[in-house]
Amino acid sequence: MEYQFREIEKKWQQKWIADGVYKVSNTSARPKYYVLDMFPYPSGAGLHVGHPLGYIASDIFSRFKRLKGFNVLHPMGYDSFGLPAEQYAIEHGIPPAVSTDQNILNFRSQLDKIGFCYDWDREIRTSDADYYKWTQWIFLQLFGSWYNRKNNKAESIKDLEQIFNESGNQDHICPGDRNLRFSAADWQAFDEKARQDILMQYRLAFCGYGEVNWCEALGTVLANDEVINGVSERGGFPVVKKKLRQWYLRITEYADRLLSGLQTVEFSDSMKDMQTNWIGKSYGAEVDFDIQSPENYAGDKKVLKVYTTRPDTLFGVDFLVVAPEHELVPMLIANPEQDKAEAYLQYVNSRSERERMAEKKITGVFTGSYCLHPFTGDKIPVWISEYVLAGYGTGAIMAVPCGDERDHKFAEHFNIPITNIIGTHYNGTEANPTKDAVLENSHFLNGLVMRDAMEVALQKLESTGHGKRQVNYKMRDAAFSRQRYWGEPFPIYWKNGIAYTLPIEELPVVLPPMEDLRPGPEGEGPLGNLPDWKNYQDGIREVNTMPGYAGSSWYFLRYMDPKNKETFCSREASDYWGQVDVYIGGTEHAVGHLLYSRMWTKVLFDLGYLGHEEPYRRLVNQGKIGGDSRLAYRVRGTNRFVSAGLKEGYETDELHIDVSLVNGVELDTEAFKKWKPDFHDADFILEEGKYRCGTRLEKMSKRYFNVVNPDEIVEKYGADTFRMYEMFLGPVEQDKPWDTKGIEGVHRFLKKLWRLFVHEEKGLVITKDEPTDAEWKALYRTIRKVEEDTERFSFNTVVSQFMIGVNELSDLKCHKVAILEKLIIALSPYAPHICEEIWQMTGHEGTILDQPFPEVVSKYLVETAKAYPVAINGKTRTEMTISLDASQSDVEALVLSDAIVQKWLEGKAPKKIIYVKNKMINVVI
RNA sequence: GCCCUGGUGGUGGAAUUGGUAGACACGCAGGACUUAAAAUCCUGUGAUCAGCAAUGGUCGUGCGGGUUCAAGUCCCGCCCGGGGCACCA
């Protein structure tokens, strides 16, 4: 009887569902374990072989933990709001709700074929009203809270009103406007609008004005990646920046806790680095430079505040640079530079922030104005340049060319004289960002080492009132509204310019069905086109929707209690399941999703809805599987294709060929001719009778014809083979190319395993004989490695070890059930179908899923001797088997008596013999 | 530009803490079984030099230096690929 994987897999997938073996209970005597995948956006393209990589890893881990005696929560759902569905609706007239449902059906059928152990009763979809009701509810909590810096936690905005009523805001600096000051009497005198405007500046979810990419021709706001070189990706229309009212989350209030929380979780160091850098905490100073009034200057602000992290370089300032968006720019621009400056501003307005940051070309313009140095009184020119970003610090910098590379290039490019304050540390051609130089030309800082001068400068700035210490974060408050349709509506309506919340009884605010998703008037999203919906009592509804990360910021909580009608997740459920023990997903979510969900968790914790404030205890990043494209070379202007090895002799155009038409690199020329009508008459210049394609590793994408669908692989080799092969490809964390060819090896392994139990003609061949020590050793060595490596997510080496184990047992002709049944329990997380089938065939009742993971009996693994590599001067020359309890002198005597060692010694005495027990021996001559 | 990450045979990769580089597979070559094929099994397979062979020498983990008895692994400087950079998710 052969290994008939199709029958086996279908049979068990049906039986497992019928028996409800994957149902998870919130009450159990077993300890809990929560394994979570980053849930997918259900795109129309379906799954390719890259997607399930992380899902397979987490599935194996979940099954492993179950064998280890845990009550394992392993849910799946869909992040089903998002821009592509909306775009698809605009292009094809199919409503997002419809296409999303179709896509989810497709995803589900693809996932089911792979044999995952998800508890589908807990499935969630972020676009379900039952789900986003609670997303809206959490938004209301954010809206109804402020961050009390004294207590370091979110508190109710009602408490803040009470505080204002009693003592004004003197104890609680306004995060939205730190210059805002009012007394209790002021507060009591304010009208409703004024009070609400102030409260808005404290709320964790608040409204403000922010710049967006505005495309007049399309009448809509564009995402950064929809803008290319200042024009829209669709249609190529000009895109400019425009200020629109936006919702934000005050994540900056959590910056410090997001930083310190990193020390309590197991994320990779690189992941922690990325988050740390994103938060970008820096210590520095704000320095006030008085503006020397230009002729046309009429405003009342006379000070330009700059932010610097290097107050020690205060006397190396040669010019100041302000961001083009800086509020003082219109006042700073002075004749005769006015025209040039305005032309420059127009140019900058056409560029995205990313383009500006990536720009290597130096651009800028002199404003015509000067500031006065706070200590020397020198006149310092003020420039405008796009390399200074308005959102960071004060939007203005003091440029110190001798110490900062960008400032240096700027000074050189515009011929601005450079002051040297670090003596020989500056070579005149390149900035030196050292902190160890002794300062010169630096007034009261002369003679100090820069590192120490910082504190001196800070004190002086503060004591003279020219500046102050300032901690800054690169992180900005998170924009939380989108001018789009396919997202959660806000439970907010506006009246007299005041935002009011809808009563909780009215949640969910259901997204009204729409056919035509054209943008609304004046930069509004499509909901702006629905006057009936928009009107709410005597006000109007908020017509923005929430961004993609709203639903994904708390979904891990809903899985714990997915059907709860009373609350987003009961304290009982969240206290039982607690943190996600292992969270698996791609690094592309390193900063966005992970930081937002960490913040939401902290807010819910502060408000008492959760007992823990870090959502994920351990994070594992899975790599991407790249496509392995195949290329053909068409001789220019002909329909003739030249094989890759001969293409140098021709002028060719390169074309992507569907990978299914190619075996290895050899093109099936007949299939190619049938692929597209254009190629029907193609002819070929062959090498050695074959057409060889070029190859290239790149993103797996329809456009490159390199997409491999898991369904096809499962159909051809089975889910167990597919699961193991995905793991065998390499470390989960690493990016790697997909090459279907190697899958044969894994498939052969499963067939070989099968033959340990079943002979093709004789049927079952297992025996009840007592195993030998060699058999126990082969088994336990495998089990130990499987256990260790599974625990540390090294699944590729586990698959290798299973191959080694099965190879050894096959060589030993071992058909003993005592050995083999332990082996298949250990293998069942990796290849559940074949193991369950064998489990049943060998006479067991019930499922293999709940067996205990076999315990290693270490007496079979004890070694008494080791084959040591013996090196001469670090190069291995021979091998000697020596008892493990040998002493240094035993080893020296043995080694020196060895013929090969003697040959290399050439009669001389060795300088030293290094003996590292259980590792190696090195003879130094 | 900034941040992160990777680079080891023809290919995917292994080497967990500085200690036998290339485990395990794929591919390839040769052989067994078969009328034949498939399947299966066996042998070999980093490069290079010497040798009929057993075997032995040299080189070898992107490049150039360094530390060490010993470096794929640690340090310094470079080159190349991939991801992220706030409205793709």
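The sequence lines fix the lettering, A, B, ..., with proteins before strands; numbering per chain opens at 1. Just so you know, these numbers come straight off a predicted model, no measurement behind them.
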Pair Tyr717(A)-Phe722(A), side chain to side chain contact (heavy atoms under 4.5 Å, CB included): steps then yes or no: CA-CA 7 Å; Tyr717(A) 297 99; Phe722(A) 177 65; over 6 Å; no
Side chain of [X] (C-beta onward), nearest among [options]:
X	options	result
Val924(A)	G19(B), C87(B), C69(B)	C69(B)
Asn807(A)	G82(B), A25(B), U20(B)	A25(B)
Phe728(A)	G12(B), U40(B), G82(B)	G12(B)
Arg792(A)	A86(B), U20(B), A15(B)	A15(B)
Pro731(A)	A25(B), C4(B), G13(B)	G13(B)

RNA chain B: 5'-proximal contact among Asn922(A) and Gly745(A) (nearest heavy atom): Gly745(A)
Closest-nucleotide ordering on RNA chain B, the 5'-leading residue of Val212(A) and Leu729(A): Leu729(A)
On the nucleotide [N], are OP1 or OP2 found under 4.0 Å from the side-chain N or O atoms that [X] carries?
X	N	answer
Lys751(A)	U40(B)	yes
Gln734(A)	G13(B)	yes
Asn796(A)	A14(B)	yes
Arg482(A)	C87(B)	yes
Arg755(A)	A39(B)	no
Thr545(A)	C87(B)	no
Arg877(A)	G57(B)	yes

Mind checking [X] for me? I need base, sugar-phosphate or nothing, with any heavy atom below 4.0 Å counting as a touch.
X	result
Glu879(A)	base
Pro40(A)	nothing
Ala871(A)	nothing
Trp904(A)	sugar-phosphate
Ser43(A)	nothing
Met475(A)	base

Between the side chains of [X] and [Y], does any donor sit under 3.5 Å from an acceptor?
X	Y	answer
Gln801(A)	Glu788(A)	no
Lys474(A)	Asn277(A)	no
Ser552(A)	Tyr596(A)	no

Would you state whether a donor and an acceptor, one from the side chain of [X] and one from the base of [N], lie under 3.5 Å apart?
X	N	result
Lys785(A)	U16(B)	yes
Asn277(A)	C3(B)	no
Gln801(A)	C24(B)	no

CA sep, side-chain torsions, deciding dist, call: Tyr387(A), Phe410(A), ring-ring contact (aromatic ring centres under 6.0 Å, His included): CA-CA 10 Å; Tyr387(A) 81 89; Phe410(A) 196 88; 5.5 Å; yes
Distance check needed: [N] [atom2] versus [X] [atom1], whole Å only.
X	N	atom1	atom2	value
Arg484(A)	C88(B)	CZ	C1'	10 Å
Ile743(A)	C26(B)	CD1	P	12 Å
Phe81(A)	A89(B)	CZ	P	12 Å
Asn621(A)	G6(B)	CG	P	12 Å
Met271(A)	C85(B)	CE	P	13 Å
Gln888(A)	C69(B)	CD	P	16 Å
Leu249(A)	C87(B)	CG	C1'	14 Å
Lys474(A)	C85(B)	NZ	P	14 Å

Crowding at CD, Glu2(A) (>12 non-hydrogen neighbours, <6.0 Å): no
Does [N] pair with anything, Watson-Crick or G-U wobble, both distances under 3.5 Å, and if so, with which nucleotide?
N	result
A89(B)	none
C52(B)	none
U43(B)	A29(B)
C2(B)	G84(B)
C78(B)	G62(B)
G9(B)	none
U73(B)	none

Whether Glu542(A) side chain and Asn544(A) backbone form a donor-acceptor pair below 3.5 Å: yes
Working for side chain to side chain contact (heavy atoms under 4.5 Å, CB included), residues Trp554(A) and Ser597(A): CA-CA 6 Å; Trp554(A) 72 283; Ser597(A) 55; over 6 Å; no
Using the [atom1] atom as the reference point in each nucleotide, state the distance between [N] and [M] in Å, no decimals.
N	M	atom1	result
A71(B)	C63(B)	P	16 Å
U68(B)	C75(B)	P	16 Å
U8(B)	A47(B)	C1'	14 Å
A15(B)	U73(B)	P	15 Å
G6(B)	G72(B)	C1'	14 Å
A32(B)	C24(B)	C1'	25 Å
U48(B)	G84(B)	P	41 Å
U20(B)	C74(B)	P	15 Å

Assigned glycosidic conformation for G82(B) [threshold 90° from 0]: anti
NZ/NE/NH1/NH2 to OD/OE distance under 4.0 Å, Glu808(A) and Arg781(A): yes
